[in-house]
K.L.:
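Structure in structure tokens, see below.
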Amino acid sequence: MRELAYLRPADVAEAVAAMAASPQAQFLGGGTNLVDHLKLGIASPDLLVDIGRLPLDTIEEYDDGARLRIGANVRNSDLAAHPLIRSGFPGVARALLAGASGQIRNQATTGGNLLQRTRCVYFQDASTPCNKRQPGAGCSALDGYGRYNAILGASSDCVAVHPSDLAVALAALDATLVILGPDGERRLPVGDLHRLPGHQPDQDTTLAHGELITGVELESGALARSSTYRKVRDRASYAFALVSVCAALDRDARGRVRDVRIAWGGVAHRPWRATRAEAALRGELLTEEAVRDACAAELEVATTTEQTAYKVPMVRNVTVHALMGVADRSES
């Protein structure tokens, strides 16, 4: 039996130092993903650094009133229910409530949600080849069951998608991560956290070993208040996205798009920020046709199979539904 050590650090600095000193160590937060991987034999750390009781569980407004800081240990259910999130960032609240189940949301943390790993069936089956789990082994999903596979940004080594709903909403709203590592604290745009697979699909993020997300910063404003989240899945609860969309919209008095944010989930190895679609919509009147044309521009680089071709019209239609819904609410 493999030995597994356990440490409950007294503070964040001790947690980071312990991780940095042990190459095979892993942080343990809510445990809703890592514990499953321990049971399945996917993860085999020699040390668990339990950060779940560190004082990173507050939601606070900065003095300027324009920004919000969310502690990495804030539970998903607490974040979704917080008045500042519900009123100022409805897309974030809806993304959280669309994820997992009530019981899991009570346990899962903000930082852990962002760092959860793919739910590709082959990644979670230790008996099958998987480059993400064992680099160089091959990708079983390329010729196997691929209904959930990526259509954007995939590679010949991996076609898995990122499972987080919250990460999609934070990508749309340009959140900033506060990170503490052995070399001190730094800030990272959330869009720079997750990687596309390339030839190193085992590396999910750009974090260095020992770095810990301690908080998430969000900028408030009209755009954030107009955000929403839509998710299409096989069942109404406890299911990962076939596709999902977080959209935010700001229009001028003439109804033209002043600013727009679109992020997609279920289509890529990371939350996919639809920047081409955003650029196509800015300055235009918001119509269903305009949104469809903008999505078409974004999806020009999509690569599909017989199993994933449905995702192209689905993500386009959900984007239309999300943006037109936001527009209708702003007029009411």
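Because only heavy atoms are used, hydrogens play no part in the values below, and waters and symmetry mates are left out as well, while side chains stay in. Bear in mind that the values here come from a model prediction, so they are computed numbers and not experimental data. Numbering of residues begins at 1 and proceeds along the displayed sequence.
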K.L.:
Ignoring hydrogens and geometry beyond distance, is a side-chain donor-acceptor pair present between Ser227 and Arg225 at under 3.5 Å?
P.N.:
no
K.L.:
How about Phe27 and His209: are their ring centres within less than 6.0 Å of each other?
P.N.:
no
K.L.:
Within 45° of the axis and under 6.0 Å from the centre of the six-membered ring of Tyr122, does NZ or CZ of Arg133 qualify?
P.N.:
no
K.L.:
So, Lys231 side chain and Ala239 main chain: donor-acceptor pair closer than 3.5 Å or not?
P.N.:
yes
K.L.:
Going by heavy atoms in the side chains, are Leu196 and Ser155 under 4.5 Å from each other?
P.N.:
no
K.L.:
Going by atom types only, do Asn131 and Gln134 share a side-chain donor-acceptor pair under 3.5 Å?
P.N.:
no
K.L.:
Is the distance between the ring centroids of His269 and His194 under 6.0 Å?
P.N.:
no
K.L.:
Would you say the side-chain atoms of Arg261 pair up with the backbone N or O of Asp259, donor to acceptor, closer than 3.5 Å?
P.N.:
no
K.L.:
What is the distance from atom CD1 of Ile70 to atom OG1 of Thr109, rounded to the nearest 0.5 Å?
P.N.:
12.0 Å
K.L.:
Look at the side chain of Ser140 and the backbone N and O of Pro129, then say whether any donor-acceptor pair between them is shorter than 3.5 Å.
P.N.:
yes
K.L.:
Could you go step by step and tell me if Asp57 and Arg75 meet the salt bridge (charged side-chain N to carboxylate O under 4.0 Å, His left out) rule?
P.N.:
CA-CA 8 Å; Asp57 57 353; Arg75 306 293 169 169; over 6 Å; no
K.L.:
Hey, does Asp46 have a side-chain heavy atom less than 4.5 Å from the side chain of Leu4?
P.N.:
no
K.L.:
Any non-hydrogen side-chain atom of Leu286 less than 4.5 Å from a side-chain atom of Val291?
P.N.:
yes
K.L.:
Salt bridge check: are Glu298 and Arg316 linked by an N-O gap of less than 4.0 Å?
P.N.:
no
